[in-house]
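Quick notes on the structure that follows.
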Protein chains: 4
Amino acid sequence: MEEILTRRKNMDKHLVIADPYPQTLERIFSQETWERLNRIAQVEGPDGDHLDSKRFDELLGQAVAVIGQSPMPKERLDKAPNLRVIFNVEGNFYQNIDYAECFRRNIRVLNCGAVYARPVAEMALGMALDLARGITWEHMRFREGTERYVLEGNHNAQMLTGASVGLIGFGLLGRSLRPLLTPFRCRVQVYDPWLPESVIREHDCIPASLDEVLSTNDFIFILAGVTNENKGFLGKREFDLIRPNANVMLMSRAAIVDFDEFTAQVAKGKFKASTDVFPTEPCAADHPIRNAEHVILSPHRAGGIPQAFHMIGEILVDDFELIMRNLAPVRMQPAQPEIVQRLASKPVK
Amino acid sequence: MEEILTRRKNMDKHLVIADPYPQTLERIFSQETWERLNRIAQVEGPDGDHLDSKRFDELLGQAVAVIGQSPMPKERLDKAPNLRVIFNVEGNFYQNIDYAECFRRNIRVLNCGAVYARPVAEMALGMALDLARGITWEHMRFREGTERYVLEGNHNAQMLTGASVGLIGFGLLGRSLRPLLTPFRCRVQVYDPWLPESVIREHDCIPASLDEVLSTNDFIFILAGVTNENKGFLGKREFDLIRPNANVMLMSRAAIVDFDEFTAQVAKGKFKASTDVFPTEPCAADHPIRNAEHVILSPHRAGGIPQAFHMIGEILVDDFELIMRNLAPVRMQPAQPEIVQRLASKPVK
Amino acid sequence: MEEILTRRKNMDKHLVIADPYPQTLERIFSQETWERLNRIAQVEGPDGDHLDSKRFDELLGQAVAVIGQSPMPKERLDKAPNLRVIFNVEGNFYQNIDYAECFRRNIRVLNCGAVYARPVAEMALGMALDLARGITWEHMRFREGTERYVLEGNHNAQMLTGASVGLIGFGLLGRSLRPLLTPFRCRVQVYDPWLPESVIREHDCIPASLDEVLSTNDFIFILAGVTNENKGFLGKREFDLIRPNANVMLMSRAAIVDFDEFTAQVAKGKFKASTDVFPTEPCAADHPIRNAEHVILSPHRAGGIPQAFHMIGEILVDDFELIMRNLAPVRMQPAQPEIVQRLASKPVK
Amino acid sequence: MEEILTRRKNMDKHLVIADPYPQTLERIFSQETWERLNRIAQVEGPDGDHLDSKRFDELLGQAVAVIGQSPMPKERLDKAPNLRVIFNVEGNFYQNIDYAECFRRNIRVLNCGAVYARPVAEMALGMALDLARGITWEHMRFREGTERYVLEGNHNAQMLTGASVGLIGFGLLGRSLRPLLTPFRCRVQVYDPWLPESVIREHDCIPASLDEVLSTNDFIFILAGVTNENKGFLGKREFDLIRPNANVMLMSRAAIVDFDEFTAQVAKGKFKASTDVFPTEPCAADHPIRNAEHVILSPHRAGGIPQAFHMIGEILVDDFELIMRNLAPVRMQPAQPEIVQRLASKPVK
C-alpha cells in the first residue's frame with residue numbers, strides 16, 4: 001500500500017481500480033483510449049481474471065474510480081473517501097452496490113449499456129427486412145435447389161417503406177432504432193409506460209397502448225428491459241392480438257415474454273418472428289423453437305460485437321476525463337435514484 | 001371498328017389500348033387506380049393473354065395511349081394520329097419502338113422501372129445487414145445445433161453505422177438506397193460515369209473512380225444497369241481490388257459482372273456477397289454458386305413484389321391524367337432521346 | 001465564315017454561340033466553369049452587350065449549342081443542322097423559340113431557373129421567421145429608442161416549430177423550401193393543381209385545396225409561377241380566408257395576386273406579410289405598400305445573388321458535357337412539350 | 001396548518017407549494033396542464049405575487065414539491081421530510097439552494113431552461129438569414145425610398161446553404177439549433193470545452209478550437225452560458241479573428257463578451273452582427289450600439305415567448321407525474337452535483 005501511495009505521489013495521477021471481469025481491459029480499450037486513460041490515471045488492474053479482494057480494499061483509500069462490477073456495499077464505500085465514480089462495463093446496473101450511499105456521497109455509478117443500443121438496432125432492422133422479404137428462408141431453399149423466382153416466392157413479401165411499426169419499450173434501444181426507420185416513412189407507435197407521451201411524440205412516434213401496438217402493426221419490435229414488474233408480460237392474450245403475417249423481432253430479454261407461448265405461436269405461423277434471446281442460453285438442444293418454422297434464430301449476437309466493446313472504453317474515458325475536471329458525465333448512463341432499485345438484472349456469478 | 005367509334009362518341013372518354021403481357025391488368029391496377037383510369041378512359045384490353053394484333057391496329061386510329069410493350073414501328077405510329085403516350089409496364093425500354101419517330105410526334109414513351117427501386121433498395125439494405133452480422137448463416141448453424149453465442153460468433157461482425165460504403169451506379173436504385181443509409185452516417189462513395197460530380201455531391205455522396213469504390217469500402221452495392229457498353233465490366237481485376245471481409249451486394253443485372261469470377265472469389269471467401277440476379281434464370285442446377293460459402297442467394301426477388309406491381313398502376317394513372325390535361329408526366333421515366341438507344345434491355349419474346 | 005470553319009477544324013472543339021444578354025459571361029461563369037467549358041468548346045461571344053445578328057446566323061451552321069435568350073424561329077433552326085441544345089441563362093422559357101420544331105429535331109431547350117430556387121427558399125424562410133418574431137420591426141423600434149423587452153414585445157410571437165404551413169405552388173421553389181422546414185416538424189399543406197397528390201405526399205406534404213391552404217395555416221408561402229391562366233388568382237375572396245396574425249410570404253410573381261387588395265389587407269393588419277415582388281419594378285414612389293404596416297418589403301432580391309449566377313455556369317457546363325457525350329441533361333430544366341407554351345414569361349426587350 | 005392537513009387527508013393528493021415569482025401560474029400552465037397537475041396534486045399558491053414565507057414554511061412539512069425559485073437553505077430542507085423535487089420555473093439554477101443537501105436527500109432540483117432553447121434557436125436562424133441577406137436593412141431603405149433592386153443590393157448577399165458555420169457553446173441552445181442547420185448542409189464547427197469531442201461528432205459537428213471557430217466561418221453563433229470562469233472571454237483578440245463580412249449572432253449572455261469591443265467592431269463594419277442581449281437591460285439610452293451600423297438589435301426577445309412559457313407547465317407536470325410514480329424525470333434539466341455550483345446565474349431579487 002505504501003508503495004502505491006509513494007508511486008502515486010510521484011506520478012501525480014489519479015488512482016483507478018480495474019476489476020472488469022467478465023469483461024477484459026483488452027476488449028474494452030483500444031490502443032488509443034487506453035493511452036488517453038493512462039495519461040491522467042494510474043490503473044491498477046487484475047492479475048489474471050480477478051483483482052484480489054484484499055488488494056481491491058487497500059487501493060480503495062486512494063482510488064477515485066472503479067472500473068468493474070465488484071460489490072460495493074456501504075463498508076467498502078466507507079473505505080473510499082476519494083471515490084467519485086464506479087464504471088459498470090458489462091451492461092446493466094446490478095444489485096451489489098449500495099446506491100443510496102453512493103447518491104449520498106455524490107459517487108456516480110455509470111453503466112455502459114448504451115454501447116449495445118446501435119448494434120442491436122441494426123440487427124433488429126436487418127431481421128425485420130429479412131422476415132419481411134424472406135431472405136434467410138429463400139436462401140435455404142436455394143441451397144436445396146427449390147428456390148422460387150420473382151413473383152412465385154414473393155406473394156407475402158412486405159415493404160417496410162410506409163408500413164406500420166410498433167415499438168414495445170422506448171429506452172436506449174428504441175431511440176437507437178427510431179432514426180433508422182425515418183427514411184422508411186413508417187407510422188411508428190410506441191408503448192412505454194415509463195415515459196410521458198410528450199417524449200414519445202418528440203421522437204416522431206405515436207404513444208399507444210400495448211394492445212394497440214400489438215394489434216395494428218405489421219412490424220413489432222420488442223425492446224423493453226426487464227424489471228421486477230414486467231416479467232412475462234407478453235403472453236397468450238397479447239400474442240393473440242398480433243396480425244397474421246406480422247413480423248415480430250424479440251431483441252431485449254426473453255424473460256419479458258412467455259417464451260413457450262411465443263414458440264408455439266410462431267411454430268403455427270400465427271406470425272413471423274426472430275429472436276436474439278432465449279430463456280436459458282445456450283438454448284436447450286431439444287427446445288421446440290429450434291425446429292419451428294417462421295422464425296429466425298440468433299444466439300444472443302445482437303449487441304456484443306467487437307466495435308461495441310471498444311466503444312465502452314471510449315465512453316468511459318470521455319466521462320472519466322469530465323468527472324476529473326469536475327464536470328458531469330455525458331456518455332454513460334448514470335444510475336437514477338428513482339429507478340435503479342427496480343431493475344432486475346443480476347451480476348454474473 | 002365502327003362499333004368502337006360509336007361507343008366512344010357516346011362515352012366521350014379517351015380510348016386506351018391495353019396489351020400488357022407479360023404483365024396483367026389485375027396485377028398492376030388496384031381497385032382504386034382501375035376506377036380512376038376508367039373514369040376518363042375506355043380501356044380496350046386483351047382477350048386472354050394478348051390483344052389480337054389486328055384489333056390493336058384498328059384501335060390505334062382513335063387511341064391516345066397504349067399500355068404495354070407491343071412493337072411500335074413507324075408503320076404503326078403512322079396509324080395512330082391521336083397517340084400521346086406509350087406506357088411500358090414491365091420495367092425497361094425495349095428496342096421495338098421507333099423512338100425517333102415518337103420524339104418527332106411528341107409521343108411520350110414512359111417506363112415503370114421506378115416502382116422497383118425502393119423494394120430493391122430495401123432488399124439491398126437487408127442483405128448488407130445480413131452479411132455484416134451473419135444473420136442467415138448463424139440461423140442455419142442454429143438449425144444444425146452448432147450456433148455460437150455472443151462474442152464467439154461475432155469476431156467478424158461489422159456495423160453499418162459509420163462504415164464506408166461504395167455504390168456502383170447511381171440511377172433510380174442508387175437514389176432509392178441513399179436515403180436509407182443516411183441515419184447510419186456512412187461515408188458514401190459513388191462511381192457513375194453517366195453523371196456529373198455535382199449531382200453525386202447533391203445527394204451527399206462523394207464522386208469516386210471505380211477502383212476507389214472497390215478498394216476502399218466495407219460495403220459495396222452494385223446497382224448499375226446494363227448498356228451495350230458495360231457488359232462484364234466487373235471482372236477479375238476489379239474483384240481483386242475488394243477488401244477482405246467486405247460485403248458486396250449484386251442487385252441490378254448479372255450481365256455487368258463476370259459471374260464465373262464472382263462465384264470463384266466468393267467461394268474462396270475473398271469477400272462476402274449476396275446476389276439477386278444470375279446469368280441465366282433459373283440458375284443452373286449445377287452452378288457452383290449454389291454451394292459457395294460466403295454468399296446469400298436470392299432468386300430475383302428484390303423488385304417484383306405485389307406492392308411494386310400495384311404501384312405501376314398508380315404512377316401510370318397519375319401520368320395519364322396529367323397528359324390528358326396537357327401537362328408533362330412526373331412519375332414514370334420518360335425515354336430520353338440521348339440514351340434510349342443505348343440501353344441493352346430486350347423485350348420478352 | 002470560312003475563317004471560323006478553318007479554325008474549328010484545327011481546334012477540333014465544339015462551336016458554341018454565346019449571346020447571353022442581359023446576363024454576362026462574367027457573371028455566370030467562374031474561372032473554373034469557364035475553363036471546363038473551353039476545354040471542349042470554342043465559344044463565340046458578343047462584342048459588347050450583344051452578338052451581332054448576322055454573325056449569329058453565320059455561326060449557326062456549325063454551332064452545337066446556343067447560350068442565351070436569342071429568338072430561335074424555324075428559319076434560324078433551319079440554318080442550324082448541328083444544333084443540339086439552347087441554354088436559357090436568364091430564368092424562364094420565352095415565347096421566341098419554335099419549341100415544336102426543337103422537339104422535332106431533338107434540340108434540347110434548357111433553362112436555369114433552378115439556380116434561384118434555393119436562394120429564394122432561404123429568403124422565404126428568413127422572412128417567415130422575421131414576421132413570426134418581429135425581428136425587423138423591433139429593430140426599427142430599437143433604433144427609435146422604443147424597444148420592448150422580453151414578454152412585453154412578444155405577445156404575438158409565433159414559433160415555426162410545430163406550426164401549420166401552407167404552400168401555394170410546388171415547383172422548384174416549393175421543393176427547395178420543403179426540406180428547410182423539415183426540422184421544424186410542421187404540418188405542410190400544398191396546393192398545386194399541376195401535380196398528382198402522390199407527388200405532394202412523397203415530399204411529406206398534404207395535398208389541399210386552395211381554400212384550405214389559405215384558411216388553416218399560420219404560415220403561407222406563395223410560390224406559384226405565372227401562367228396564362230392564373231394571373232391575379234389570389235384576390236379579395238382568397239385573402240379574406242387568411243387567419244388573423246398569419247404570416248404570408250409572397251415570393252414568386254406579383255402578377256398572381258391582386259396586388260392592390262394585398263396591399264389594402266396588410267395595411268389594415270388583416271395578416272402579416274412580406275413581398276419580394278411588385279407589379280412594376282421599381283415600385284412606384286407613391287405606392288401605398290411603401291408605408292403599410294405589417295409588411296416587410298424586399299426589392300426583388302430573393303433569387304439574384306452572386307452565388308446563384310455562378311451556379312448557372314456550373315449547371316450549364318455539367319449538362320453541356322453530358323449532351324456532347326450523348327447523354328441526357330440532368331441539371332437544367334428541359335422544356336416540356338406539354339407545358340412550355342402555357343408559360344407566360346416574356347423575354348426582355 | 002391543521003386545516004391543511006385535514007384537507008389533505010380528505011383529498012389524498014400530493015401537496016405542492018407554488019411560489020413561482022417572477023413567473024406566474026397563469027403564464028406557465030395551460031388549462032390542460034393545470035388540470036393534469038391538479039388531478040394528482042393540491043397546489044398551495046401565492047396570495048398575490050408572493051407566497052408568504054411563514055406559510056411556505058408551514059406547508060413544507062407535507063409538501064412533496066416546490067414550484068419556484070424560493071431560497072432553500074439547509075434549515076428549510078430540514079423542515080421538509082417529504083420533499084422530492086424543486087422546480088425552478090424561471091430558467092437557471094440559482095445559488096439560493098443547498099444543493100449538496102438536496103443531493104444527499106435525493107431531492108431533485110430541476111430547471112426549465114430547455115423550453116427557451118428552440119425559440120432562441122429559431123430566432124438565431126432568423127437573424128443569421130437576415131444578416132446574410134440584408135432583410136431588415138433593405139426594408140429600412142425601402143421605407144426611405146432608396147431600395148436597390150436585384151443585383152444592385154445583393155453584392156454581399158450570402159447563402160447559408162453550403163456555408164461554414166461555427167458554434168461557440170454546445171449546450172441546450174446549440175443542440176436545438178444544430179438540426180435547423182441540417183438541410184443547409186453546412187460544415188458546422190463547435191467549440192465547447194465542457195464536452196468530449198465524441199459528443200460533438202455525434203451531432204454531426206466538428207470539434208474545433210475557439211480560434212478556429214472564429215477565424216474560419218461565415219456564420220458564428222455565440223451560444224455559451226455564463227459561468228464563474230468565462231466572463232468576457234470574447235474580447236478584442238477574439239473579435240479580430242473574425243472574417244470580414246461574417247455574420248455573428250450573440251444569443252446567450254452579454255457577459256461572455258467584451259461588449260464595448262463588440263460594439264466598436266460592428267460599428268466599424270469589421271463583421272455583421274445581431275444581438276439579443278445587452279450588458280444592462282434596458283440598454284442605456286445613449287449606448288453606442290443603438291446607432292451602430294451592421295447590427296440588428298433585439299431587446300431580449302429570443303426566448304421568452306408565450307409558447308415557451310406554456311411549455312414550462314407541460315414539462316413540469318410530465319416530470320412531476322414521473323417522480324410521483326418513482327420514476328426519474330426526463331424533461332427538465334436536473335442539477336448535476338459536479339457543475340451546479342459553477343453556474344453564475346443569480347436569482348431575481
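Order of the sequence lines fixes the chain letters, A, B, ..., with proteins taken first and strands second; residue numbering starts at 1 for each chain.
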Ionic contact status for Arg290(B) with Glu147(A), cut-off 4.0 Å:
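Between Arg290(B) and Glu147(A) there is a salt bridge, with a charged N closer than 4.0 Å to a carboxylate O.
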Hey, could you give me the [atom1]/[atom2] distance between [X] and [Y], rounded to the nearest 0.5 Å?
X: Asp276(A); Y: Arg133(B); atom1: CG; atom2: CZ; answer: 8.5 Å
X: His139(B); Y: Leu297(A); atom1: NE2; atom2: CG; answer: 5.5 Å
X: Trp137(A); Y: Thr136(B); atom1: CH2; atom2: OG1; answer: 10.5 Å
X: Leu129(B); Y: Asp130(A); atom1: CG; atom2: CG; answer: 10.0 Å
X: Gln307(A); Y: Asn154(B); atom1: CD; atom2: CG; answer: 11.0 Å
X: Arg143(A); Y: Ile296(B); atom1: CZ; atom2: CD1; answer: 9.5 Å

Give, as side chain, backbone, both or neither, the part of [X] having an atom under 4.5 angstrom from any heavy atom of chain B.
X: Phe184(A); result: both
X: Ala124(A); result: neither
X: Ile289(A); result: backbone

Tell me, yes or no, whether the heavy-atom count around Met311(A) atom CE, taken from other residues, nucleotides or ligands under 6.0 Å, exceeds 12.
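Result for CE/Met311(A): open.
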Heavy-atom neighbours of Glu32(A) CD exceed 12 at 6.0 Å:
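12 or below, so no.
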Which residue out of [options] racks up the most heavy-atom pairs below 4.5 Å with chain A?
options: Glu122(B), Arg141(B), Arg27(B), Met140(B); answer: Glu122(B)
options: Leu181(B), Thr182(B), Leu125(B); answer: Leu125(B)
options: Gly303(B), Gly153(B), Ser274(B); answer: Gly153(B)
options: Glu281(B), Met127(B), Arg148(B); answer: Arg148(B)
options: Ala308(B), Ala285(B), Ala121(B), Pro282(B); answer: Pro282(B)

Cut-off 3.5 Å, side chains only: do Glu138(B) and Ser298(A) have a donor facing an acceptor?
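No - no donor-acceptor pair under 3.5 Å links their side chains.
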Shortest non-hydrogen contact from Gly126(A) toward Ile135(B)
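Smallest interatomic distance, heavy atoms only, reads C-CD1, 4.0 Å.
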Which pair of non-hydrogen atoms, one from Ala157(A) and one from Pro306(B), has the smallest distance, and what is that distance?
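Minimum heavy-atom separation between Ala157(A) and Pro306(B): O-CD, 4.4 Å.
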Heavy-atom side-chain proximity of Tyr149(A) to Cys283(B) below 4.5 angstrom
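Of all side-chain heavy-atom pairs linking Cys283(B) with Tyr149(A), at least one is under 4.5 Å.
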Proximal component of Ala292(B), with respect to chain A [non-hydrogen, under 4.5 Å]
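The backbone, not the side chain.
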Between Val150(B) and Arg301(A), does the side chain to side chain contact (heavy atoms under 4.5 Å, CB included) criterion hold? Intermediate values first, please.
CA-CA 5 Å; Val150(B) 198; Arg301(A) 297 170 71 240; over 6 Å; no
